[in-house]
> 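A single structure is presented below for examination.
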There are 4 protein chains.
Amino acid sequence: MTSARVSPRQRRKEERPGEILEAAFEEFARSGFAGTKLDDVAARAGITKGTIYLYFASKEELFIATVKELNRPIRENLAALTAAAQGPAMTILRRHFAFVYDHMVEDRRAREVMRMLLAEVSRFPDLAARWHAEVIGPAVETLRGVVRYGIARGEFRPSAAEEFPHLLFAPVMMACTWRLMFGDAHALDGAEYREAHLDLMEKSLLRTPDRGAAAV
Amino acid sequence: MTSARVSPRQRRKEERPGEILEAAFEEFARSGFAGTKLDDVAARAGITKGTIYLYFASKEELFIATVKELNRPIRENLAALTAAAQGPAMTILRRHFAFVYDHMVEDRRAREVMRMLLAEVSRFPDLAARWHAEVIGPAVETLRGVVRYGIARGEFRPSAAEEFPHLLFAPVMMACTWRLMFGDAHALDGAEYREAHLDLMEKSLLRTPDRGAAAV
Amino acid sequence: MTSARVSPRQRRKEERPGEILEAAFEEFARSGFAGTKLDDVAARAGITKGTIYLYFASKEELFIATVKELNRPIRENLAALTAAAQGPAMTILRRHFAFVYDHMVEDRRAREVMRMLLAEVSRFPDLAARWHAEVIGPAVETLRGVVRYGIARGEFRPSAAEEFPHLLFAPVMMACTWRLMFGDAHALDGAEYREAHLDLMEKSLLRTPDRGAAAV
Amino acid sequence: MTSARVSPRQRRKEERPGEILEAAFEEFARSGFAGTKLDDVAARAGITKGTIYLYFASKEELFIATVKELNRPIRENLAALTAAAQGPAMTILRRHFAFVYDHMVEDRRAREVMRMLLAEVSRFPDLAARWHAEVIGPAVETLRGVVRYGIARGEFRPSAAEEFPHLLFAPVMMACTWRLMFGDAHALDGAEYREAHLDLMEKSLLRTPDRGAAAV
DNA sequence: GATGAATGAGATTTCATTCAT
DNA sequence: AATGAATGAAATCTCATTCAT
């Protein structure tokens, strides 16, 4: 009976914004900001156009809220990555990228947020800046930390990867844009692609790839 | 004198389509398909709205023509890359990427076409398919050819780069999307970035990076 | 009080389509399909342009709906004519034409639908076919039935009127087009015209116009 | 050599207006005034839009000229009908209607002018007035003259046909509108229809139909 | 809170008319 | 005389936003 305290109507009220954002995401991702009709958003959310305005002041506000809502889970996921490092740096990197592929490439929402930002950056420059500050920047810094850790423990040789950890991350972006552009059917991020990515990365980072053992 | 023979109006007629496409490119790149107003395109081209319709049947046709027009120089540039290989594969790759950075990352038009395609792929799926067939596909194949050539001559060790030349190309895409997203001010494709890219690539591909000599 | 229960806005919603069709009829009748501006239709209906599109998908749909709406009362009127025949055929014909003049010539709407169909038949061929099937065809058949009835009972002599009842109907069309062309001021369908029509018709149909008795 | 005096160019110049009117007629007849594009008129005439303006000041002027041009042959034909009457009135009527059917119903142009006038009478009221004055009025008066002639010579009985000769003419209009509305395929003006028309007319006009002869 | 009819500004598109050549 | 590129006003249609219920 305690659960009955929350009436269905109240429940609804609390869920509405989320439902609208969910519908808005689908429409914005497909049609872009200008190409999206609030009619379609409302229809997808199972409400009427007017209701949107009870929760969002304008189409622009709705777009901003949609992107921010999408950023949230990614940020949270990223936070999980910055755990204290220990063990071989390469092992950390493997875990790191396993995580990144799962949460930034396989996750459709994470991919689509990139499309939306790329498409609308001139209309919503703040969103891109924010995304850089909250998602991309931290991701790069985390990566840089691992590279430095690897160099410090003598596992990695000093390399430009310290200055441009982006280079290690690039295949992830590649897979991401590839799927955005050519669809899931021609996806580039299967297990083999990931393995190839890690393989080449290993070769480029390790001090003496497989030769270390040979030297002993 | 001879040039004066061609009247300004006559000359216009031949130049109009190009002028319109030029203006359309700027507007589409900034605002996307739906967000672009033909009023603005016309104003930028220094003509009136009606004139656009003398050359393009609709806004959609104009968009398609704009993208195709942008693809043309890129395709032509790419064609220049498929020259017969000789000498060290790594040298070829260096030349290759020097060229690619210049013509696909530094060239604003080439970058923006990617933005437009990413943004409008759901409205113009054919354009993305065409871009894949004419630009991306050939670029990847060219790269694959060089990798094979390097392996065949014993310069490169066999690696997943043969199956996924995309991985070598990824830093280019990264630089491209980076500039699209964060602007020219925070560009990622300076000389140092390129050098870092090539350095890591070399480490990951060469059979015995410079150590062959050192071992002697 | 009870009527106040229905809010003006609610009531509007149900009446809107009719109000729009009413306004559209006036404009289409005056200016034809292409010459009619939706602005004018809206102004006449006391609404704005956009509202029309809440009820009709396009100008063409509005035109079609307008004509169909006009056909409805005529069809219903026609149905009233097919009552079982009895008494002198000529009496039936007199009643018939009294009715037809009132409902197809005097009624401005009925006249104007003819103008609209004549003018737009090449753009809306289906409408003319429909009008033939639902209005003109039945009207002719009804007339033929009366002629046959008159012949069967020996009142009318056999004549081509059985095959072409149109000939009996022709003066009605004449009056109709006359008013459409030259305006109500020069109308051709006064009581005298009607009487003249029936008089000549009688002479042409009756077996022995009053002379049968005289001959005896 | 005398005929060579007129150069092809000059010949052209004199024929141009006629060619344009010819093309304009086809387009106006099909699409009405507002629905007709000067582009289409020009294309049909094998010239360019601009050339039309060398001969006609505006679209309205072109329409007016087109209708007037169409009226001309009809007026000329009508004039041929007003020849002095002699012989049986019914014979004159038969000749008269044979002529009228050929020149006002079978002739597509004559039919279409009626459509154009009916459709555009509110935009070009003068044209309808002119048509009445020059075509319809004279036609009715000619008919009235024949009726009076028939009454005067005792062939016709006095009837309302003297006041409303329109009634005799009505089947012609009927056939005309019928073809305009339902197309040539469902034409109503075959030989049988004409014969039926004349048959009923004869019955309604003759003093003692066929009995006059029998009485002898 | 939710609706959805209505709005009206603004978008794309059309086309009669002009005018330099 | 003829062209046809260009214009620009106006038309159809769209859609974010409002508001009475």
Side-chain angles (χ1 to χ4, degrees), chain A residues 9-10 12-14 16 34-42 46-62, chain B residues 5-16 34-42 45-60 62, chain C residues 5-16 34-42 46-62, chain D residues 9-10 12-14 16 34-42 46-62:
Chain A
R9 195 153 236 251
Q10 209 123 27
R12 207 72 198 275
K13 184 197 161 184
E14 279 154 22
R16 268 287 143 71
T36 291
K37 303 177 219 176
L38 291 191
D39 264 317
D40 292 346
V41 173
I47 56 174
T48 60
K49 225 178 352 177
T51 305
I52 295 175
Y53 284 85
L54 294 177
Y55 299 96
F56 303 95
S58 69
K59 193 185 180 186
E60 296 216 347
E61 291 299 319
L62 176 61
Chain B
R5 210 181 45 211
V6 181
S7 78
R9 212 161 220 205
Q10 279 295 339
R11 220 169 58 224
R12 276 271 160 89
K13 197 233 155 147
E14 280 151 24
E15 291 171 4
R16 276 281 187 257
T36 290
K37 302 179 233 174
L38 292 190
D39 262 321
D40 294 346
V41 173
I47 56 177
T48 59
K49 250 181 313 184
T51 303
I52 295 175
Y53 285 86
L54 292 179
Y55 299 96
F56 303 96
S58 67
K59 193 184 180 187
E60 294 215 348
L62 177 61
Chain C
R5 209 180 46 212
V6 181
S7 78
R9 212 161 221 203
Q10 278 293 340
R11 219 169 58 224
R12 276 272 160 87
K13 195 232 156 150
E14 281 151 24
E15 292 171 4
R16 276 280 186 257
T36 290
K37 302 177 234 176
L38 291 190
D39 262 321
D40 294 345
V41 173
I47 56 177
T48 59
K49 246 181 320 184
T51 303
I52 294 175
Y53 285 86
L54 292 179
Y55 299 96
F56 303 96
S58 67
K59 193 185 179 185
E60 294 215 347
E61 291 297 320
L62 177 60
Chain D
R9 195 152 236 251
Q10 208 124 23
R12 209 72 199 277
K13 185 198 161 184
E14 279 152 23
R16 268 287 143 71
T36 290
K37 303 179 219 172
L38 292 190
D39 264 318
D40 293 346
V41 173
I47 56 174
T48 60
K49 226 179 349 179
T51 305
I52 294 175
Y53 284 85
L54 294 177
Y55 299 96
F56 303 96
S58 68
K59 194 186 181 186
E60 296 216 346
E61 292 299 320
L62 177 60

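Heavy atoms only: backbone and side chains are in, while hydrogens, waters and symmetry mates are out. Naming: A, B, ... by sequence-line order, numbering from 1 per chain. Quantities reported herein were computed from a predicted structural model and do not represent experimental measurements.
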> Base, sugar-phosphate, or nothing: which does C/Ile52 touch, judged by heavy atoms less than 4.0 Å apart?
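No contact at all - C/Ile52 keeps every heavy atom at 4.0 Å or more from the nucleic acid.
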> Heavy atoms under 4.0 Å, any strand shown: does C/Leu38 hit a base, just sugar-phosphate, or nothing?
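If one applies the 4.0 Å heavy-atom cut-off, C/Leu38 turns out to touch the sugar-phosphate alone, with no base involved.
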> I need the CZ-C1' distance between C/Arg16 and E/dG4, as an integer number of Å.
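Value for this atom pair: 13 Å.
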> Report yes if at least one side-chain N or O of B/Tyr55 is closer than 4.0 Å to OP1 or OP2 of F/dA5; otherwise report no.
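False: B/Tyr55 side-chain N/O out of range (4.0 Å or more) of F/dA5 OP1/OP2.
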> Without decimals, in angstroms, what is the distance between D/Leu62 CG and E/dC15 P?
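It is 16 Å, rounded to the nearest whole Å.
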> Please report the closest heavy-atom contact between C/Ile47 and C/Arg16, naming both atoms and the distance.
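Smallest interatomic distance, heavy atoms only, reads CG2-CZ, 3.4 Å.
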> Given atom CZ of B/Phe56 and atom P of F/dA5, what is their separation to the nearest angstrom?
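Whole-Å distance recorded here is 14 Å.
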> Which base, if any, makes a Watson-Crick or G-U wobble pair with F/dA2, both distances under 3.5 Å?
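Because both required distances fall under 3.5 Å, F/dA2 counts as paired with E/dT21.
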> Rounded to the nearest 0.5 Å, what separates atom NZ in C/Lys37 from atom NZ in C/Lys49?
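Between C/Lys37 NZ and C/Lys49 NZ, I get 11.0 Å after rounding to 0.5 Å.
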> Identify, between C/Thr36 and A/Lys59, the residue whose nearest nucleotide on DNA chain F lies closer to the 5' end.
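Checking each residue's closest nucleotide, the 5'-ward one belongs to C/Thr36.
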> Quickly work out the C/Ile47 CD1 to E/dT7 P distance and round it to whole Å.
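Distance, rounded to whole Å: 7 Å.
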> With nearest nucleotide decided by heavy atoms, which residue, C/Gly50 or A/Ala57, maps closer to the 5′ end of DNA chain F?
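Closest to the 5' end, via its nearest nucleotide, is C/Gly50.
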> Rounded off to whole Å, could you give me the CG-to-C1' distance for the D/Leu54 and E/dT17 pair?
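Those two atoms, CG and C1', are 13 Å apart.
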> Could you let me know what F/dA9 is paired to, Watson-Crick or G-U wobble, both distances under 3.5 Å, or none if it's on its own?
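Partner of F/dA9: E/dT14.
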> Do B/Lys49 and F/dT7 have a side chain to base donor-acceptor pair shorter than 3.5 Å?
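Side chain to base: no pair below 3.5 Å.
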> Can you tell me if D/Tyr53 touches the phosphate of F/dA1, counting only side-chain N or O atoms and a distance under 4.0 Å to OP1 or OP2?
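No, no such contact exists.
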> Would you kindly compare C/Thr51 and B/Lys37 by the position of their nearest DNA chain E nucleotide and give the one closer to the 5′ end?
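Looking at the nearest nucleotide for each, C/Thr51 comes out on the 5' side.
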> Any strand counts, and the cut-off is 3.5 Å on both contacts for Watson-Crick or G-U wobble. Which nucleotide pairs with E/dG8?
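Checking every strand shown, E/dG8 finds its partner in F/dC15, with both distances under 3.5 Å.
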> Drop me the distance from A/Thr48's OG1 to A/Leu38's CG, to the nearest 0.5 angstrom.
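That separation rounds to 11.5 Å.
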> Report the distance from atom CG of D/Asp39 to atom P of E/dA16, rounded to the nearest whole Å.
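One finds 7 Å between P of E/dA16 and CG of D/Asp39, rounded.
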